[in-house]
There are 2 protein chains.
Amino acid sequence: MTKGTYLGEFEIYVLAALERLGEEAYGVTVRGEIEERSGRMASLGAVYTTLERLAEKGFVTFWVSEPLPVPGGRSKKHARLTPAGRRALRESARALERMLGGVRLGLRGEGGRA
Amino acid sequence: MTKGTYLGEFEIYVLAALERLGEEAYGVTVRGEIEERSGRMASLGAVYTTLERLAEKGFVTFWVSEPLPVPGGRSKKHARLTPAGRRALRESARALERMLGGVRLGLRGEGGRA
DNA sequence: CAACTATATCCTACTTTGTAGATGATATCA
DNA sequence: TGATATCATCTACAAAGTAGGATATAGTTG
């Protein structure tokens, strides 16, 4: 029985976005990736707060990019997964998959209400 | 973009357990199902509190069983999913799947640390 | 019947996560 | 300098997660 550190729901989205985005990951792109990919809404404030908390846990580190010669091209605070972060994401995702796997919820089609 | 009601991490576990257990679902069995199935730890207190909150949201209803002629066989407070609860579980599970789907996390094997 | 064992639930107090509007920074361009 | 476009931080509160300890109720035993 793992008593351990299970990620919160939104934390999972943020870490998964980092995994997908790689070097392109920073506040705005993380938010975009979550919304486009999953359809789940995510405010920028929520993203930044969560990234900060994940960094405190050692799951994320930051690095700053050079400013770009375009409007609004200020330097960005990029985020990347640490090995511990990747491990935490994997553990949470696996446990969730085991729990949801096989449950008939219309995960493939069936859509609609009720 | 769904601004809507996304379930918390533990709420997903509890609702999934209800879906699996059917008529057998009550505090103790819910806890057992979560722990056995996913490996995620779950205290009884957490389970009851979460069931109560899910009921307030209209995702769960309760019914009481007859006491049984065995030691500790008091009547149990069973829980079942409402249609809204099943729908909420499905929505959260789908969004999560879309976000995690395809991410290389060793969801099938590869195990180990780092 | 009192004491004991086995299950099951409730209560309570607190920690962690989730949320997002308002505010402040910094880049180019007119 | 003023206007526009990104991006980040702050703040304050709401919602979800947690679990120890108290309480309830069944049969059993002496």
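For clarity, every value in this text was computed on a predicted model and none was experimentally measured. Below, chains carry the letters A, B, ... as their sequence lines are ordered, and counting in each starts from 1.
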Would you please classify the geometry between the B/W63 ring and the B/H78 ring as parallel, tilted or perpendicular, with 30° and 60° separating the classes?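 It falls in the parallel class, under 30°.
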Of the residues in residues 44-68 of chain A, which ones touch DNA chain D at a heavy-atom distance under 4.0 Å?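 Only A/Y48, A/T49 qualify.
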Contact list for DNA chain D against residues 21-32 of chain B - heavy-atom distance below 4.0 Å: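 Of all residues in residues 21-32 of chain B, none places a heavy atom under 4.0 Å from DNA chain D.
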Select base, sugar-phosphate, or nothing to describe what A/G72 touches, counting heavy atoms under 4.0 Å on all strands.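 Base, at least one base atom sits under 4.0 Å.
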Just how far, in rounded Å, is [atom2] of [N] from [atom1] of [X]?
{"X": "B/I34", "N": "D/dA19", "atom1": "CD1", "atom2": "P", "value": "12 Å"}
{"X": "B/F10", "N": "D/dT18", "atom1": "CZ", "atom2": "P", "value": "6 Å"}
{"X": "A/K76", "N": "C/dA25", "atom1": "NZ", "atom2": "C1'", "value": "13 Å"}
{"X": "A/H78", "N": "D/dC7", "atom1": "NE2", "atom2": "P", "value": "9 Å"}
{"X": "B/K77", "N": "C/dC11", "atom1": "NZ", "atom2": "C1'", "value": "12 Å"}

Taking for each residue the nucleotide of DNA chain C with the nearest heavy atom, is it B/R74 or A/P69 whose nucleotide lies nearer the 5' end?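 Mapping each residue to its closest nucleotide by heavy atoms, the 5'-most match is B/R74.
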Does the distance from a Lys or Arg side-chain N to an Asp or Glu carboxylate O, for B/E66 and B/K76, drop under 4.0 Å?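 Looking at B/K76 together with B/E66, the answer is no, because their closest N to O distance does not fall below 4.0 Å.
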Please name the pair of heavy atoms, one in A/E19 and one in A/L81, separated by the smallest distance, quoted to 0.1 Å.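 Looks like OE1-CD1, 3.0 Å.
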Nearest-nucleotide comparison on DNA chain D, the residue closer to the 5′ end among B/I12 and B/G73: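 Its nucleotide being nearer the 5' end, the pick is B/I12.
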